[in-house]
Structure formats: C-alpha cells, structure tokens
Amino acid sequence: MPPVFAHGRLRLYLLKLLDEAPRHGYEVIRLLEERFQGLYAPSAGTVYPRLSKLEAEGLVTYATEGGRKVYSITEAGRAELADRSGELADLELEIRDSVTELAAEIRSDVRGAAGDLRREMRAEASASATRVGEDDSWKAAKEELRRARQEWKEQARRAKDESRRAREEAQTARRQAKEAQDRAREEVQRIAGQLQEQFAKSGGVLGGLAGAWLGGGAQGAAASGRPDAADEGRAPGWAADLTPTGDPARDLDRLLDRFRDEVRDAARDHGVTAARVAEARDHLAAAAARLATTLGARP
C-alpha cells in the first residue's frame with residue numbers, strides 16, 4: 001500500500017490542524033481519521049513524536065490541561081505555514097489521491113471476497129443440484145452474497161464522496177493561497193511606492209541612522225565609523241529580546257529583518273539628506289565588511 005503522506009507532509013498537516021484550533025494528541029489522531037472517512041488512522045507512535053519535534057523546533061507549544069498536553073501553534077509555526085501555502089494546497093490534493101487509492105484497495109478486497117464467495121456458492125450449488133429446492137445453507141449463502149454486494153456499494157459511495165470533498169477542499173486551498181500571494185504582492189508594491197516617494201522628496205532613505213545606530217549613538221563614534229567602546233559587544237534594544245530558535249541561519253535572517261525595520265523607522269522619524277545618505281553608505285559598507293569577516297572566521 002502506498003504511503004498516505006509523503007515525506008515531511010504529515011508535519012505540515014499537523015501545523016494546519018493546530019492552526020485551526022489548539023488540540024491534544026488524541027484529538028489530532030481522531031481528526032485525521034475523520035478526514036480520511038475512517039479509511040486511515042495514524043497511530044499514537046506516528047503523531048506524538050512529530051508533535052514533540054515541532055515543539056522542540058519552536059513551531060508549536062503546549063499547556064497541560066486535565067493531565068493532557070494541549071498543543072497550540074506559535075507565530076513561527078504560522079509563518080512557516082504561510083510560507084508553505086502552495087505545498088499545503090498540493091498536500092490537499094495528495095490526501096485526495098491517498099483516499100482514492102485506499103478506497104480502491106478496499107474495493108479490490110471486497111471484490112476478491114465476493115468472488116471467493118461466488119465460487120463457493122457455485123460449488124455448493126453444483127453439489128446440491130440433485131436436490132429439490134434450496135436448503136438453508138444455500139439461502140444463507142445468497143444472503144451473504146447480498147450483504148457483500150451492499151457493503152461494496154457502501155464503500156464505493158463513501159470513497160466517491162470523500163474524493164469529491166477532498167477535491168473541493170484542494171480547490172479552496174489553492175484559491176486562498178493565490179489570494180494570499182496577491183495580497184502580499186500588493187502590500188510589497190504599496191511599500192515600494194512609499195519608499196520611492198520618500199526618495200523623491202528627501203534624496204534617499206537611510207540618513208542619520210548610520211551614525212545613530214552603527215556608530216553607537218555618539219557623535220565621536222559616528223565620525224570615526226566605529227561603535228562606542230561602552231556599547232561594544234552589546235546588542236541594541238531591538239535585538240536584545242530576540243529569542244534563539246536553535247537554527248543560527250534562521251536567527252540571522254530574523255536579525256537582518258529587524259535591522260531593516262529599524263533603518264526604515266529611523267529614516268521616517270528623523271528624515272534624511274544627501275550628506276547623511278553618503279555617510280550611512282560608508283557605515284553600512286564598513287559593517288558589511290566586518291560581518292563578512294566575523295561570519296567567515298572559524299568557529
């Protein structure tokens with residue numbers, strides 16, 4: 001039987017379920033069984049280790065209620081879910097395909113059982129051909145065949161309904177992903193337009209931030225291009241509360257995002273001039289060279 005979830009996809013679907021509402025492990029297992037119309041139910045040994053790993057990665061957290069761990073998604077988990085919205089839409093299609101394959105296997109098993117039953121009935125009919133009328137065993141065999149056919153029809157109907165529902169959910173997920181991407185694109189264009197406006201009005205966007213931030217806030221340090229000695233090795237306020245995730249590369253990306261936001265805020269609050277832009281360019285070049293040396297050093 002092919003796997004229900006491809007590698008890494010169950011992890012993504014667990015984030016989707018926890019984004020809908022906080023849940024404990026047993027509820028997650030029950031929801032997965034419902035989504036598959038009873039055709040598949042993961043074991044506790046499959047779900048709980050993955051929840052623990054998500055919690056270790058900072059994507060989910062939990063609180064103990066009534067002796068049970070109730071898991072909730074974190075902002076980092078929602079960010080990953082948003083970044084992988086396209087994969088989530090594909091996952092809905094994979095779930096539909098998995099349900100269809102499971103239903104096909106069930107139909108095959110039912111057909112095989114019905115075929116075996118028909119052969120047994122024919123053998124019994126052949127052995128009973130000389131007898132007048134149908135005895136009780138023949139009637140029981142006919143009833144068993146009727147029940148088998150009814151069960152096959154019911155399984156086929158459920159598989160068809162689940163396939164249709166999965167297809168509709170996948171279409172909805174794709175539409176929502178496209179809408180989210182469109183909104184994000186519009187927001188980027190809006191911000192870009194604002195920045196262009198600021199460039200046109202003031203001649204650039206960086207201004208005195210280089211002296212105020214990279215230079216440690218002291219005029220003497222700004223003139224020399226080096227941080228004040230008292231501030232050497234100390235993180236600025238916007239970076240001091242950054243909680244490590246355990247992934248250094250990801251922490252660096254988050255730090256750079258906060259730095260960019262700090263630059264924009266300073267430019268908006270203090271204004272800029274052409275001279276400040278030139279000075280900020282020198283500070284940024286020096287900082288980039290220093291960071292390149294730090295990142296290139298052996299640990």
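Starting from 1, each residue takes its place in the sequence as its number. Keep in mind it's a predicted model, so treat the numbers as computed, not measured.
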Do you know the tightest heavy-atom contact between [X] and [Y]?
{"X": "L18", "Y": "Y71", "value": "CD2-O, 3.6 Å"}
{"X": "A76", "Y": "G58", "value": "CB-O, 3.8 Å"}
{"X": "P49", "Y": "A44", "value": "CD-O, 3.6 Å"}
{"X": "G271", "Y": "R276", "value": "O-NH1, 3.6 Å"}
{"X": "G25", "Y": "L51", "value": "CA-CD1, 4.1 Å"}
{"X": "I73", "Y": "D19", "value": "CG2-CA, 3.9 Å"}

With heavy-atom distances below 4.5 Å as the criterion, would you say the side chains of V60 and L14 are in contact?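 They are not in side-chain contact.
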
Donor-acceptor pair, Y48 side chain versus Y26 backbone, under 3.5 Å?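 Between the backbone of Y26 and the side chain of Y48 there is a qualifying donor-acceptor contact (under 3.5 Å).
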
Is it true that a side-chain atom of T64 and a backbone atom of K69 form a donor plus acceptor pair closer than 3.5 Å?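 Here the side-chain-to-backbone pair does not exist.
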
May I ask you to say whether [X] pairs ionically with [Y], meaning some side-chain N is under 4.0 Å from a carboxylate O?
{"X": "R165", "Y": "E168", "answer": "no"}
{"X": "R30", "Y": "E33", "answer": "no"}
{"X": "R147", "Y": "E151", "answer": "no"}
{"X": "R158", "Y": "D161", "answer": "no"}
{"X": "R183", "Y": "E186", "answer": "no"}
{"X": "R78", "Y": "E75", "answer": "yes"}

Going by side-chain contact (heavy atoms from CB on, under 4.5 Å), name the residues that satisfy it together with R68, two or more places apart in sequence or in a different chain.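 Checked R68 against side-chain contact (heavy atoms from CB on, under 4.5 Å); matches are H24.
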
side-chain contact (heavy atoms from CB on, under 4.5 Å) involving D251 - partner list, sequence neighbours excluded: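 If we apply the side-chain contact (heavy atoms from CB on, under 4.5 Å) test to D251, skipping adjacent residues, the hits are P244, T245, R254.
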
Which value, rounded to the nearest 0.5 Å, describes the distance between L256 atom CG and L291 atom CG?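 If I round to the nearest 0.5 Å, the distance is 8.0 Å.
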
Please report the interatomic distance CZ(R264) to CG(D269), rounded to the nearest 0.5 Å.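 So the gap between those two atoms works out to 14.0 Å.
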
Going through the checks in order, is the salt bridge (Lys or Arg N to Asp or Glu O under 4.0 Å) test met by K16 and E20? CA-CA 7 Å; K16 168 183 164 43; E20 294 174 358; 3.2 Å; yes

For E57, the option from R11, R50, R250 that meets salt bridge (charged side-chain N to carboxylate O under 4.0 Å, His left out):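 The option that passes is R11.
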
